[in-house]
Structure formats: structure tokens, C-alpha cells
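Everything on this sheet refers to the single structure shown next.
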2 protein chains.
Amino acid sequence: MTQDGRRLRGLRSREAILEQAVALASVEGLDGLSLGRLAAATGTSKSGFFAHWRDKEQLQLDAVEWAVRQWADRVVAPAMAAPAGVRRLFALHEARLRFYDEGVLPGGCFFFTVQAEFDDRPGLVRDRVARAMREWQEFIRRHVAQAVAQGELAESVDPAQLAYEIDALGEMVVVHSRLHDGPVSLVHARRAVLQRLRALCPDPTLLPED
Amino acid sequence: MTQDGRRLRGLRSREAILEQAVALASVEGLDGLSLGRLAAATGTSKSGFFAHWRDKEQLQLDAVEWAVRQWADRVVAPAMAAPAGVRRLFALHEARLRFYDEGVLPGGCFFFTVQAEFDDRPGLVRDRVARAMREWQEFIRRHVAQAVAQGELAESVDPAQLAYEIDALGEMVVVHSRLHDGPVSLVHARRAVLQRLRALCPDPTLLPED
DNA sequence: TACATTAACGACCGATCGGTTGTATATCTG
DNA sequence: CAGATATACAACCGATCGGTCGTTAATGTA
């Protein structure tokens, strides 16, 4: 099971296809994305996919996996540079907004599109997406709880409640910025969370003023 | 142009089809919804649609129009019973949450699904949806401004900023409640806006405590 | 009554969908 | 080297897509 020569090439094209799949799915969704168009976009043939994936659902599942890794690399990892507590929590929010602002994915956010697509449709893809979103929510919640434990957020704070607010305010940027406000929604989303955190933080100097 | 007999029947079935279209589109989107399935759901024939609409896009545009009217009837109108100011603003938020909670539409929210579907796709449908969302945002903004003018919200409040927050916190209930939290997200969304408004309101007794 | 209009339908069209099959070939493994 | 394995492809399949056409019957209008 060494990874060189033929097998390495397979892995490379596999990764390239998944990257394209995630990018296209951020625009058209995982189901809206057709194998024919994906083949055209990657410069391969449609039937070649079935050497890598049993069917479309398997490709969709791997695309979700790829998007989770991308999110970990491009959003979570950079935020970890900030010191634990309320600063890291806000860094997480800012890293997400930067991800949207930089246009890493043509559709803005893979997970936003895919959530809206699969929230009503049972199946393996829905389950995988739900797990990813639950883990992300839980991740924010843990950071809130840690900030509370460090005394950087008021003890009255309900972690699940605040995590919902931070996530909702960040996520709705995707559609607002694309459909009406443009970059203004980024400012709104940033300021909303910033002021919320400052109001709950005994030492507001930990956070920027604006 | 009298409306009886044949023409009335036409109008009736037209409305019935649009109602079904909005309901189905709240789940599968306006494009994901196929004419064949819509025909089956309404008990009519596919080709019969083209007596009412030139093509699918025209039906989609009318479906958006129908959904706007439904939103006005089921969310906006009931909230108008509350006295103008911060109470009406919160009533608007609660009416929206009630709309989701009651399961009026099988997919939760027509506009959420359709926004996610069309935010990246140019065309008449996108433009119509964008206008509807802009008007809704503007509607909330005006109510915030009025509450400020009445002295029921602090003068430091930026109406566009607060409108974004209220809308985002309300909208994300749709996917959160369906994908992970269930009814808990309704509590989070309600409490988030309530506490935010109470903090900004010189007379918090205008609003419920919890 | 005569005629245009409208609602509604079944049959059918080309295009595209996800997926199958058979084949050619390059690469690993014994 | 020999045989199993893996990559990739063109050709093709039935199903479904949005949409057209021709027809029938009920209705509105002159």
C-alpha cells in the first residue's frame, strides 16, 4: 500500500476532484452539482469517477470530509494562535469572516449551502453534515465555557446560548453579503459579536474597541 | 374580465398550485422542485401548467410573490397588533419564530431555502428574491428606528446593525432546529433578541422578563 | 347562435441525469 | 516475468428533466 507512481497519481486526482467538488457545491449544492459538470470542470471523464467512488453519495460524503478539513485548516487553525479565552473565541469569529471575505470558495460557504440543501432530506449525507455542524457548534460552546472558566466572561453566560448567537451572526453573512448588503454585513456580523463579548467580559481591554 | 365559472376555476387551481409550489420549494428549493413532481402533488398534468405560466421561471416568480403574501399575512400582520415601538419589534421576531414552530411550511422557511439556492445565480428569480429580502430587512430597520424615535431604544442604536442581528438570529433557527438542536434553537433565538432589546431599552418592563 | 378564449390533457421531443459495461494501459506484487 | 490491480476512458442505458404540440371541452363574448 505504498503511495507512489500510479497510486500517488490516483490520490492527487482524487484530491483535485474533491477540491473542485467542494468549490462547485458551495455554489450549486452537493446534489445540484452534476457529475457531468464536475467532470468538465476537472478535465476528466464522468465514468472515471467510479474508479474512485462507488456512486455519487460516496463522492458527496468525501466532499463533506474534505470541506471539514478545509475548515479546520483555514478557520480553526489560524484562530488557535490567539491566547485561549475570549480572545481566541473572537479570533475564531474573525477567522470565519475572513474566510468568507477572501472568497476562498466561490459560493462563500460549503456548509451553509449544504445545510440548506439537506436539512429536510434523510440519508447518509445529511447525517454526516449534521454531525459536522454539531461538532462545530460544540467547538464554539467549549470555547465559551473555557472563557467563562478563565473568568474572561461573566459566570451568568450560558455557553450553548452564546454559541448559538455567535454562529448565527457569523453564518448569515454568507447570504446577506451576496444578496443585498455586500461587505456591510461583514461589519455588522463582526461588530455584533464584538460588542456582545465586550459587554460580557469583565476586562474589555482584552478585545479591540471596534 | 368577470371572475366566475371557468376563469374562477382557473384562479382557484392557480392559487392551489402556487401554495403547493411554495410548500415544496421550502424543502427542495425552487429549482430542485420539478414540474413533474409538482403536477403529481397537485393532482394535475404537467402540461397543464403552461396554460398558466409561460415557463418554469414565471411559475417561480409567482411562487415568490405568493410566499411574500403569506409572510405578510402570517408574520407581519399578527405582529401589528402589538403597540408600535420595541414591543412591536419583538412581536415581529416572535411571530416569525411561531411561523417556524408551527410548521406552516414543511421545509420551515421558503425564503431561507430559496436564498441559499439563488444567492449565486443571476436571473429574474434571484432579483425578485433579493428585493423581497431587502424589503424585509428594511422593514425591520424602520421598526428599530421608530423604537429609537419613541425613546424605547437607546439613541446609540444603529438601526441597520440591530436589524441585521435580529434577522440573523431569527433566520438561523430554520436550519439549527432541523439539523441538530430541535426546539432548543427556538429558545436561543428568542432569548438572544429579548435580552438584546432589554439591554437597549430604557424601560425594560415593556418586554417580558424571559 | 357563432366564434374566440381558456383550462386541461396525453403524447412526445431533445437534453441531461446517475450509473453500467467493456476496454486499454500503466503499475504494483508474487 | 506473470498476473492481479488500479486509472481512465468512450459508448451506452433507462429515467427524468423542461418544454412543445395537437386536441377536447367548457366558457366568455360578439
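Numbered from 1 within each chain, the chains take letters A, B, ... in sequence-line order.
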>> So A:Glu28 and A:Arg37, do their side chains get closer than 4.5 Å, heavy atoms only?
In response: yes
> Once each nucleotide of nucleotides 9-20 of chain C is scored for protein heavy atoms under 4.0 Å, what B/S/- sequence comes out, 5' to 3'?
Replying inline: BB------SBBB
> Can you list the residues that meet the side chain to side chain contact (heavy atoms under 4.5 Å, CB included) rule with B:Glu135, with sequence neighbours excluded?
Replying inline: B:Arg131
> Tell me the salt bridge (charged side-chain N to carboxylate O under 4.0 Å, His left out) pairs involving residues 45-63 of chain A, sequence neighbours left out?
Replying inline: A:Arg14-A:Asp62
> Taking atom P of D:dG18 as reference, at what distance in whole Å does atom CH2 of B:Trp53 sit?
Replying inline: 14 Å
>> Suppose the criterion is ring-ring contact (aromatic ring centres under 6.0 Å, His included): which pairs have a residue in residues 110-135 of chain A, not counting sequence neighbours?
In response: A:Phe112-B:Phe112
>> On the nucleotide C:dT6, are OP1 or OP2 found under 4.0 Å from the side-chain N or O atoms that B:His52 carries?
In response: no
Can you give each donor-acceptor pair under 3.5 Å made by side-chain atoms of residues 180-189 of chain B, sequence neighbours left out, with the distance rounded to 0.1 Å?
residue  : atom : partner  : partner atom : Å
B:His180 : NE2  : B:His176 : ND1          : 3.4
B:Ser185 : OG   : B:Ser177 : N            : 3.3
B:Ser185 : OG   : B:Gly182 : O            : 2.8

Less than 3.5 Å apart, which donor and acceptor atoms pair up between the side chains of residues 68-88 of chain B and the rest of the protein, not counting sequence neighbours?
residue : atom : partner : partner atom : Å
B:Arg88 : NE   : B:Ala82 : O            : 3.0
B:Arg88 : NH2  : B:Ala82 : O            : 3.2

>> My understanding is that only residues two or more places apart in sequence, or in another chain, count here; which of them pass salt bridge (charged side-chain N to carboxylate O under 4.0 Å, His left out) with B:Glu117?
In response: none
>> Can you pull out every side-chain hydrogen bond (donor to acceptor under 3.5 Å, both in side chains) where at least one residue sits in residues 95-109 of chain B? Sequence neighbours excluded, please.
In response: B:Arg96-B:Tyr100, B:Arg96-B:Asp167
>> Any residue in residues 16-24 of chain B with a heavy atom nearer than 4.0 angstrom to DNA chain D? Just list them by number, or reply none.
In response: none
